[in-house]
Amino acid sequence: MKLSDFDFDLPAHLIATRPARPRSSARLLRAEGGRIEDRHVGDLPDILRPSDLLVLNDTKVIPARLSGTRTRQSAQGEVTARIEITLLEPAAEGWQALAKPLRKLRVGEVIRFGNALAATVAEIGEGGLRLVFDAVGEAFDAALNQVGAMPLPPYIAALRAPDDQDRQDYQTVWAARQGAAAAPTASLHFDAPLLAALRARGVEFVHVTLHVGAGTFLPVKVEDVTTHRMHAEWGEVDAAAAAAITRAKAEGRRVIPVGTTALRLIESAATGPGRVDPFRGTTDIFIYPGHHFRVTDGLMTNFHLPKSTLMMLVSALMGPEKIREIYGHAVGNGYRFFSYGDGSLLIP
């Protein structure tokens with residue numbers, strides 16, 4: 001498998017920079033039973049079976065993008081410069097982060113984010129740095145909410161700056177566990193009326209947690225995709241969720257993750273065909289064609305970047321030829337792509 005096998009042409013005007021309003025009015029490409037059908041997310045109560053189990057990722061995106069001023073001492077006195085920080089994940093002490101620019105930073109420098117927050121550079125590595133902030137716990141959360149911005153994906157941030165509306169738009173309605181640097185974007189299509197309609201239909205829900213990292217946007221740089229190394233992300237499937245998924249499989253019901261993050265997590269927690277055990281820790285599972293899915297019967301997801309690991313994942317689920325047909329249909333029919341774009345329901 002070559003990286004070029006997962007490439008396709010995408011007109012720039014199909015990249016969505018704002019979500020549909022209301023959320024559930026987004027278009028939905030349904031690929032099931034060999035057929036492709038144009039629907040809307042709000043049609044899910046008519047499409048899904050009453051016995052279906054939807055797996056939802058309840059991670060909560062933090063305002064991880066910070067604009068600050070770095071300060072260090074030199075022979076000429078105190079030197080200051082602007083710097084952009086993206087928080088990745090908590091460390092044993094402080095936070096792992098990305099910095100732009102990184103090369104001029106030095107250990108011991110202080111970065112100030114307005115008057116609300118400051119951090120000291122504790123460590124610098126090849127791919128980022130570790131920051132120790134002057135606030136912890138609730139005080140840190142409050143300061144971060146004051147000075148931080150939502151970490152929009154690079155392909156949106158290149159077209160417009162994040163604003164206050166993104167604090168609502170780039171967060172799921174069931175977000176509960178803070179720690180993600182990116183949203184589980186397929187879940188952004190759900191709103192309270194749609195959830196109520198699905199419950200009335202008899203669809204079951206279970207929540208898991210995968211804290212999506214900024215590494216999800218890193219490009220694949222190897223031509224032989226099987227040699228790519230995935231970034232690790234922290235996740236948890238608690239005992240109740242594991243039991244609900246295992247029970248659904250035993251009863252012959254469909255398990256459909258909402259988003260590739262939920263799919264990767266339950267496949268990481270799977271200990272055999274149709275069985276999921278409680279899981280807590282990091283996963284770097286890489287799913288590409290040839291993967292044997294142990295518990296996943298379908299997937300609701302958005303449309304992904306060319307040559308990305310997520311294109312490889314959906315190709316593994318549906319087959320490369322079918323995915324090329326699906327994406328050709330989506331481009332030809334003007335579906336909106338990426339994080340704020342339209343959705344698809346993929347049932348192999």
Side-chain angles (χ1 to χ4, degrees), residues 22-26 28-33 37 39-60 171-177 180 183-212 235-280 283 287 293-302 313-314 317-318 343-348:
R23 293 176 180 233
S24 57
S25 68
L28 180 74
L29 186 155
R30 178 190 184 188
E32 183 174 358
E37 184 181 11
R39 302 291 294 265
H40 288 85
V41 174
D43 297 331
L44 280 173
D46 299 324
I47 296 172
L48 295 176
R49 301 172 185 171
S51 60
D52 285 339
L53 174 64
L54 296 186
V55 183
L56 312 178
N57 185 0
D58 65 3
T59 189
K60 187 174 185 179
Q171 196 79 271
T172 68
V173 296
W174 55 71
R177 303 183 67 181
T185 54
S187 300
L188 299 179
H189 296 300
F190 289 77
D191 51 27
L194 176 58
L195 290 173
L198 288 168
R199 288 190 181 95
R201 170 70 167 162
V203 173
E204 186 182 352
F205 303 97
V206 66
H207 289 88
V208 299
T209 305
L210 184 76
H211 289 324
V212 193
E236 181 175 17
V237 180
D238 65 21
I245 295 169
T246 301
R247 182 172 60 251
K249 295 296 293 184
E251 294 171 353
R253 298 188 285 125
R254 297 190 303 187
V255 173
I256 303 174
V258 176
T260 57
T261 59
L263 184 154
R264 292 178 62 242
L265 180 60
I266 64 173
E267 290 294 323
S268 297
T271 54
R275 179 176 180 83
V276 169
D277 285 352
F279 176 93
R280 180 184 175 91
T283 176
I287 297 176
F293 291 89
R294 294 181 168 187
V295 291
T296 299
D297 295 301
L299 172 67
M300 182 172 169
T301 187
N302 285 15
L313 185 152
V314 294
L317 182 68
M318 299 298 289
S344 65
L345 179 66
L346 308 177
I347 309 291

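Residues: numbered from 1 along the sequence shown. Basis for what follows: all heavy atoms, side chains included, without hydrogens, waters or symmetry-related copies.
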Decide ring pair (Phe, Tyr, Trp, His ring centres under 6.0 Å) for W174 and F205; before the verdict, give the C-alpha distance in whole Å, the side-chain angles of both, and the deciding distance to 0.1 Å.
-> CA-CA 11 Å; W174 55 71; F205 303 97; 7.6 Å; no
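- For the pair R39/D46, a side-chain contact is recorded, criterion being any heavy-atom separation below 4.5 Å from C-beta on.
- Looking at residues two or more places apart in sequence or on another chain, you find a side-chain contact (heavy atoms from CB on, under 4.5 Å) between A242 and V237, V276, P278.
- Rounding to the nearest 0.5 Å places CD1 of I266 at 10.0 Å from CZ of F293.
- Counting only distance, with no hydrogens or angles, the side chain of T246 and the backbone of A243 share no donor-acceptor pair below 3.5 Å.
- To the nearest 0.5 Å, the span separating OG1 on T296 from CG on L263 amounts to 3.5 Å.
- With rounding to the nearest 0.5 Å, the separation of CD1 in I245 from CZ in R275 is 12.0 Å.
- The shortest non-hydrogen separation linking L28 to H40 is CB-C, 3.6 Å.
- H211 and T59 make their closest contact through ND1-OG1, 2.7 Å (heavy atoms, listed as atom of the first residue, atom of the second, distance).
- When all heavy atoms of I256 and L345 are compared, the closest pair comes out as CG2-CD1, 4.3 Å.
- Remark: R294 engages E267, A270, H292 in a side-chain contact (heavy atoms from CB on, under 4.5 Å) (not counting sequence neighbours).
- Qualifying salt bridge (Lys or Arg N to Asp or Glu O under 4.0 Å) partners for E236, counting only residues two or more places apart in sequence or in other chains: R177, R280.
- Across all non-hydrogen atoms, the minimal contact from A186 to M300 is CB-O, 3.5 Å.
- V212 and P184 make their closest contact through CG2-N, 4.4 Å (heavy atoms, listed as atom of the first residue, atom of the second, distance).
- A donor-acceptor pair under 3.5 Å links the side-chain atoms of R201 to the main chain of L48, judged by distance alone.
- Residues V55 and A262 share a closest heavy-atom pair of O-CB, 3.7 Å.
- With N57 contributing its side chain and L210 its backbone, the two residues share a donor-acceptor pair below 3.5 Å.
- In this structure, CG on N302 lies 9.0 Å from OG1 on T260, to the nearest 0.5 angstrom.
- In this structure, K249 NZ and D297 CG are separated by 3.5 Å, a value rounded to the nearest 0.5 Å.
- Under the salt bridge (Lys or Arg N to Asp or Glu O under 4.0 Å) criterion, R254 pairs with E32, D52, sequence neighbours left out.
- Using a 3.5 Å distance cut-off with no hydrogens or angles, the side chains of T283 and S268 do pair a donor with an acceptor.
- Of the possible donor and acceptor atoms, none in the side chain of R23 sits under 3.5 Å from a partner among the backbone N and O of D191.
- To the nearest 0.5 angstrom, I287 atom CD1 is 4.5 Å from L313 atom CG.
- Between V208 and L56 the shortest side-chain heavy-atom distance does not fall below 4.5 Å.
- Applying the side-chain hydrogen bond (donor to acceptor under 3.5 Å, both in side chains) criterion to R253, with sequence neighbours excluded, gives E204, E251.
- Shown here are the salt bridge (Lys or Arg N to Asp or Glu O under 4.0 Å) partners of D238, two or more places apart in sequence or in another chain: there are none.
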